[in-house]
Amino acid sequence: MTHQSGAKTPAGTAAATADLVATILDGRDIVVAGQVALDGEVAVGGRPVHGVLGVPVVLGPEGWTRVLLDELAPDEDARLTGVVERIAAGVDPYLRGETRPTVAPTADAPAAPAASSAPAMPDPTPHPAPGTDPDDTRWVARIDTDHRTGAIAALAAVFATRGVNVDSLRTDDTADGAEAGTVVVAFRADERRCRVLVRSLERLAVVRTVEVRPAAG
């Protein structure tokens, strides 16, 4: 497993490793980047990946359970496709004729299915207000969380690790204030990064619901 500690000193790496082990032994899940053997859990370049690849996974006492690979931009998807192909070329001599990991389309690959004529479902993704700079759109997120120690730190880490600065943050009590609370966060990001933030927030164990909308004015 590859654990992102932030510090590169021996003591910092050791402390990060100890924290990772303590979290697992405590029975909790944690998201880490790991080299895992995939069997079609994710698609890169429009095709499922079968083989080893470094991806963010949910790790717990029973091992890794889920892959949490967000939707990639076209350039990122192309680069990751190249990585998969290079890994495939490197391990191919050792697979002794087994199917090697690949996502590259072949010449006789079936054509993509025709677009459905059924009406499109409404898009629930938040969109910036017309006329605003998409790279500097101000959003307001309303996040209902469990009343737990570390909830605010977990939320803040989602924004910090994705390079998004928080303009303001406040907390409110909900009707069952003893059990839950509401955190309202204002931040600036483009539409794609906003979608990534929403998905990442929704995956946190302390989060109940997430609502995001463009800030008024």
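On a predicted model such as this, the values are computed, not experimentally measured, just so you know.
Asp167 contributes no side-chain N or O that, together with a main-chain N or O of Phe187, makes up a donor-acceptor pair within less than 3.5 Å. Remark: side-chain polar atoms of Trp64 are not paired, donor with acceptor, to backbone N or O of Val36 under 3.5 angstrom. The backbone N or O of Asp39 sits less than 3.5 Å from a side-chain atom of Glu41, completing a donor-acceptor pair.
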**Message:** What verdict does the side-chain contact (heavy atoms from CB on, under 4.5 Å) test give for Val183 and Ile152, after you've listed the backbone C-alpha separation in whole Å, the side-chain angles of each residue and the deciding distance to 0.1 Å?
**Reply:** CA-CA 8 Å; Val183 181; Ile152 299 297; 3.5 Å; yes

**Item:** Full working for side-chain contact (heavy atoms from CB on, under 4.5 Å) between Leu201 and Ile143
**Value:** CA-CA 8 Å; Leu201 290 168; Ile143 309 162; 3.9 Å; yes

**Item:** CA sep, side-chain torsions, deciding dist, call: Thr65, Leu59, side-chain contact (heavy atoms from CB on, under 4.5 Å)
**Value:** CA-CA 6 Å; Thr65 56; Leu59 177 67; over 6 Å; no

**Request:** Would you please test Leu155 and Val185 for side-chain contact (heavy atoms from CB on, under 4.5 Å) and show each step?
**Result:** CA-CA 10 Å; Leu155 298 180; Val185 183; 5.7 Å; no

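Two residues are said to be in side-chain contact when any heavy atoms from C-beta on lie closer than 4.5 Å; Val158 and Leu204 meet this criterion. Counting only heavy atoms from C-beta outward, the side chains of Thr137 and Asp190 never approach each other to under 4.5 Å. The shortest distance between side-chain heavy atoms of Val207 and Asp144 does not fall below 4.5 Å.
Heavy atoms only, all atoms of each residue included: Ser168 and Arg138 are closest at OG-NH2, 4.2 Å. Between Trp139 and Ala189, the shortest heavy-atom distance links the atoms NE1-O, 2.9 Å. The minimum heavy-atom distance linking Thr145 with Ala151 is given by the pair OG1-CB, 4.5 Å. In terms of heavy-atom proximity, Asp146 sits nearest to Ala205 at OD2-O, 3.8 Å. In terms of heavy-atom proximity, Gly40 sits nearest to Pro48 at CA-CB, 3.9 Å.
Hydrophobic clustering of Ile, Leu, Val, Met, Phe, Trp and Tyr side chains at less than 4.5 Å, counting indirect connections, keeps Val196 apart from Val212. The hydrophobic cluster containing Val83 also contains Val44, counting ILVMFWY residues as joined when their side-chain heavy atoms lie under 4.5 angstrom apart, directly or transitively. Transitive grouping of hydrophobic side chains (ILVMFWY, heavy atoms separated by less than 4.5 Å) brings Val57 and Val42 into a common cluster. Transitive grouping of hydrophobic side chains (ILVMFWY, heavy atoms separated by less than 4.5 Å) keeps Val140 and Val166 in distinct clusters.
In this structure, Arg208 does not pair ionically with Glu202, as no charged nitrogen and carboxylate oxygen lie closer than 4.0 Å.
Evaluated for a side chain to side chain contact (heavy atoms under 4.5 Å, CB included) with Leu53, the options Leu69, Val67, Leu38 yield exactly one hit, Leu38.
Each salt bridge (charged side-chain N to carboxylate O under 4.0 Å, His left out) pair with one or both residues in residues 63-74, not counting sequence neighbours, appears once here: Asp70-Arg199, Asp70-Arg203.
For the atom pair Arg193 CZ and Leu197 CG, the distance stands at 7.5 Å (nearest 0.5 Å).
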